[in-house]
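Here the structure is a predicted model, which means the values were calculated and not measured. Along the sequence shown, residues carry numbers from 1.
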Amino acid sequence: MNIFKSLKLQFRPPKMHDPDFGHLTFMYISNHPERSYWEAEWMFPPTGTPVSIGIDGDESGPRSEARQWYLKLPSRFSRILELARPELAKVFKTWLQQKLPDDIFTVVKLSGFGVEDPQAQTVEWDIMFETTGDKWLGITIPFVGDEP
């Protein structure tokens with residue numbers, strides 16, 4: 001890739017509208033183009049709130065495998081919350097000296113998801129939350145497959 005195209009990708013990133021994820025912005029990684037991805041604030045169906053996601057892809061758009069991985073999240077969301085709950089409870093006890101309430105969305109908001117390689121034998125990914133009270137915490141819970 002020539003230097004001008006590389007600079008253009010970095011300073012005037014391509015944008016597109018995706019029917020599933022909304023507005024996407026291409027995040028070009030010049031020293032590792034294969035790690036480039038598309039960023040979005042996806043209106044996550046189960047919560048009806050925007051969440052940050054990074055979808056693996058190239059200039060032409062998100063890769064199909066990454067797209068499918070994200071699109072399966074809504075149907076798995078209740079199970080994901082069950083699995084994440086004990087980890088969230090630990091954070092609340094340690095950092096806020098509080099018990100995590102039954103309705104976690106009274107104290108946190110879902111802020112995003114990330115996935116390393118959706119085609120890996122065992123997929124490594126994470127879910128992110130932010131506290132909504134007086135003390136702000138960003139909480140990332142990494143998963144390996146279905147295990148937090």
| message | Show, in sequence, the C-alpha distance, side-chain angles and deciding distance for V115 and Y70, and conclude whether the side-chain contact (heavy atoms from CB on, under 4.5 Å) test is met. | response | CA-CA 9 Å; V115 62; Y70 280 105; 3.8 Å; yes

| task | Give the C-alpha distance, both sets of side-chain angles, the deciding distance and a yes or no for side-chain contact (heavy atoms from CB on, under 4.5 Å) between I139 and W95. | result | CA-CA 11 Å; I139 304 162; W95 288 88; over 6 Å; no

| task | With side-chain contact (heavy atoms from CB on, under 4.5 Å) as the test, would you mind laying out the steps for I80 and W125 before giving the verdict? | result | CA-CA 12 Å; I80 291 168; W125 61 281; 3.9 Å; yes

| task | Kindly indicate, with the supporting measurements, whether the criterion side-chain contact (heavy atoms from CB on, under 4.5 Å) is fulfilled by E39 and I53. | result | CA-CA 6 Å; E39 259 183 16; I53 59 172; over 6 Å; no

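Both the sub-6.0 Å distance and the 45° axial angle are not jointly satisfied by R67 relative to the ring of W42.
Between S111 atom OG and E41 atom CD the span is 9.0 Å, to the nearest 0.5 Å. Rounded to the nearest 0.5 angstrom, T131 OG1 and L137 CG are separated by 4.5 Å. Separation of atoms CG (L24) and CG (D18) is listed at 5.0 Å; rounding is to 0.5 Å. In this structure, CZ in F143 is found 8.0 Å from CD in E87, a value given to the nearest 0.5 Å.
The shortest side-chain heavy-atom distance between I29 and Y37 falls under the 4.5 Å cut-off. Using a 4.5 Å heavy-atom threshold, the side chains of L73 and F113 count as touching. Residues E130 and W136 meet the side-chain proximity criterion, which asks for heavy atoms closer than 4.5 Å. Proximity of R76 to P46: side-chain heavy atoms (C-beta onward) are nowhere separated by under 4.5 Å. With a 4.5 Å cut-off on side-chain heavy atoms, K135 and L96 count as touching.
Applying the 6.0 Å contact sphere to CG of D134 captures no more than 12 heavy atoms from other residues, nucleotides or ligands. Around CG of D20, the count of heavy atoms belonging to other residues, nucleotides or ligands within 6.0 Å exceeds 12. For E116, the CD atom sits in a loose shell: 12 or fewer heavy atoms of surrounding residues, nucleotides or ligands are nearer than 6.0 Å. Within a 6.0 Å sphere centred on CG of D103, heavy atoms belonging to other residues, nucleotides or ligands number more than 12.
Proximity of a side-chain donor or acceptor of T122 to a complementary backbone N or O of V144 within less than 3.5 Å is not detected. The backbone N or O of G112 sits nowhere less than 3.5 Å from a side-chain atom of S52 that would complete a donor-acceptor pair. In this structure, the side chain of K109 does not engage the main chain of V51 through any donor-acceptor pair within 3.5 Å.
Nearest heavy atoms, P148 versus I141: CB-CG2, 4.0 Å. Nearest heavy-atom pair, G57 versus F26, reported as atom, atom and distance to 0.1 Å: O-CE1, 3.8 Å. Nearest heavy atom pair, residue I104 against residue R85, reads CG2-NH1, 2.9 Å. Taking every heavy atom of both residues into account, P118 and V123 meet most closely at O-CG2, 3.7 Å. Closest approach of F129 to I127, counting heavy atoms only: CZ-CD1, 3.6 Å. For the pair I55 and A66, the tightest heavy-atom approach, listed with the atom from each and the gap, is CG2-CB, 3.7 Å.
The residues R79 and E82 are annotated as salt-bridged, a charged nitrogen and a carboxylate oxygen being separated by less than 4.0 angstrom.
No path of Ile, Leu, Val, Met, Phe, Trp and Tyr side chains, each step under 4.5 Å between heavy atoms, connects V91 with M128, placing them in separate hydrophobic clusters. The hydrophobic clustering, which links ILVMFWY residues whose side-chain heavy atoms are closer than 4.5 Å, places L83 and F105 together. Each of M43 and F21 belongs to its own hydrophobic cluster when Ile, Leu, Val, Met, Phe, Trp and Tyr are linked at side-chain heavy-atom distances under 4.5 angstrom.
Applying the side chain to side chain contact (heavy atoms under 4.5 Å, CB included) test to R63 and every residue at least two apart in sequence or in another chain returns D56, D58, E65. Residues satisfying the side-chain hydrogen bond (donor to acceptor under 3.5 Å, both in side chains) criterion with Q98, sequence neighbours excluded, are absent altogether.
F77 and F44 have their aromatic ring centers within a separation under 6.0 angstrom.
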